[in-house]
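These values consider heavy atoms only, across backbone and side chains, with no hydrogens, waters or symmetry-generated copies. By convention in this document, chain letters (A, B, ...) are assigned in the order of the sequence lines, proteins followed by strands, and residues within each chain are numbered from 1.
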Number of protein chains: 2
Amino acid sequence: MTRNASNQHGGRRPGAGRKPGSGPYGEPTRPVRVPVSLVPTVRSWLTNVGRHRAQSFTRSPTVLPLPLYGSRIAAGFPSPADDHQEDSLDLNAHLVKHPAATFFVRVEGDSMTGAGIHHGDLLVVDRALEPKPGDIVVAVVDGELTVKRLEARDGRLWLMPENPDYPPLEIREGTEFLIWGVVAHAVRSF
Amino acid sequence: MTRNASNQHGGRRPGAGRKPGSGPYGEPTRPVRVPVSLVPTVRSWLTNVGRHRAQSFTRSPTVLPLPLYGSRIAAGFPSPADDHQEDSLDLNAHLVKHPAATFFVRVEGDSMTGAGIHHGDLLVVDRALEPKPGDIVVAVVDGELTVKRLEARDGRLWLMPENPDYPPLEIREGTEFLIWGVVAHAVRSF
DNA sequence: TTTTTGATTAATGTATCAGAAATCAAAAGC
DNA sequence: GCTTTTGATTTCTGATACATTAATCAAAAA
């Protein structure tokens, strides 16, 4: 006992003690093994979501954020300006090989649904690609723009639909036919 | 030494020993305190980050406006001065509404072909969008990453495939469920 | 050539611990 | 009487320790 007669502060308080649920999360915690590189992400999420318990459906958290830089880091933390990692993607760089020769076309109709091209899709068309049989091309036939698969049979060219409701289109002697480019990608929006 | 003369297996192997990075995450782990109720969520997330690599949107997106052409062209090859050019479009700006909250996932399987999402497609997933019934979402269910359409029926959540070969997935009382984000676009490459 | 096997090393889950944080209420100060 | 102080009490968290599991090695055995 270090208390003297002139100092009687403190002392037993039956029932004193920190109450359960008084921590930042309102409940106890358990240690979970987290890969070193993801520790900051998990901590940050726990700080922002775990405490506020923002939820959109039932009691489950909506989203656990993916790391902006999730690559395996040998040592240290990534620099915020460090973007040269396989985990980041630029759509232009990824989808446009020849910028000067690329354009977009919106799909109308459903003649190519078998190829996963649907009405309303946005096509990325590359004029720099050499059209060859099997390619899906954007072409003008008798003044009409169309999207079909290019085929070569018996020395003739055909534009093949990928939907049985549409007939194959033969490119004949007097047909006005022009290929605009090769379809590289189709973008579907929801 | 418990070995006898008729059993000489094993023994010293200089250089033997488990190699660094041989665990499921490819790197060491550290214990992080997680609220008890969030432990399953964090675990499932860690499991899937390690198994299904996702790519984040670049932090320094390029700007590349390219021509978007209309569907009706009378004749001739499109040129920059062509009257029929409707607009120009930059893929990054057009497809990514919330750069910091966007990531990409490659589709595996064909449970959503009815929605035009096919095996191998690249999904643009937006974490900033509030998931609501009818949205196509990327979700984790009992530790498995999946892409499905979110539905709400009778006070319950369902993850609906868009291919009759697959069963609907009901989110029940004990189901570990969390939504990673809402699918904004699907990119098909040829 | 393939499989076996003790030795070797990394990784993981759990236990433990020290210090921090929150709570209590009588004593002290005003 | 009201507010502040203060030692005791209890919970909580981050870090470390530890036991077990997992992965790797290569000579010996099959």
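- Protein atom NE2 of His9(A) is 12 Å distant from nucleotide atom C1' of dC30(C), rounded to whole Å.
- Using a 4.5 Å heavy-atom cutoff, the side chains of Asn92(B) and Val63(B) are not in contact.
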Exercise. Before giving the answer on side chain to side chain contact (heavy atoms under 4.5 Å, CB included), spell out for Ile117(A) and Arg188(B) the whole-Å C-alpha distance, their side-chain angles and the decisive distance to 0.1 Å.
Key: CA-CA 8 Å; Ile117(A) 299 178; Arg188(B) 168 143 249 233; 5.8 Å; no
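- Ring pair His118(A)/His118(B) is parallel by interplanar angle, where below 30° counts as parallel and above 60° as perpendicular.
- Taking every side-chain heavy atom of Pro24(B) into account, dT12(C) is the closest of dT9(D), dC25(D), dT12(C).
- Applying the side chain to side chain contact (heavy atoms under 4.5 Å, CB included) criterion to Pro161(A), with sequence neighbours excluded, gives Ser111(A), Lys148(A), Tyr166(A), Pro168(A).
- The interatomic distance linking Arg13(B) (CZ) with dA27(D) (C1') rounds to 4 Å, in whole Å.
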Self-check item: Protein-to-nucleotide contact annotation, 5' to 3' order, nucleotides 15-22 of chain C [B base; S sugar-phosphate only; - none; under 4.0 Å, heavy atom]
Solution: -B----BB
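- With rounding to whole Å, Leu46(A) atom CG is found 14 Å from dG14(D) atom C1'.
- Remark: side-chain polar atoms of Asp126(B) are not paired, donor with acceptor, to backbone N or O of Thr102(B) under 3.5 angstrom.
- Here Arg12(A) reaches the OP1 or OP2 of dT9(D): one of its side-chain N or O atoms lies under 4.0 Å away.
- Side-chain contact check for Leu89(B) versus Leu122(A): some heavy-atom pair is nearer than 4.5 Å.
- Rounded to whole Å, the distance from OH on Tyr25(B) to C1' on dA11(C) is 11 Å.
- Residue Thr29(A) has a polar side-chain atom (N or O) positioned under 4.0 Å from OP1 or OP2 of dT13(D).
- Across its full length, the helix from dT1(C)-dA30(D) to dC30(C)-dG1(D) shows an angle of 10° between the axes of its 5 terminal pairs at either end, rounded to 10 degrees.
- The side chain of Arg43(B) approaches dT14(C) more closely than any other nucleotide in the set dA11(C), dT13(D), dT14(C).
- Put simply, Ile136(B) and Trp158(B) are part of two different groups of oily side chains (I, L, V, M, F, W, Y) that touch within less than 4.5 Å, one to the next.
- Between the Arg106(B) side chain and the Gly120(B) main chain, a donor and an acceptor come within less than 3.5 Å of each other.
- Under a hydrophobic-cluster definition in which Ile, Leu, Val, Met, Phe, Trp and Tyr are linked whenever side-chain heavy atoms come within less than 4.5 Å, directly or via other members, Tyr25(B) and Leu38(A) are assigned to the same cluster.
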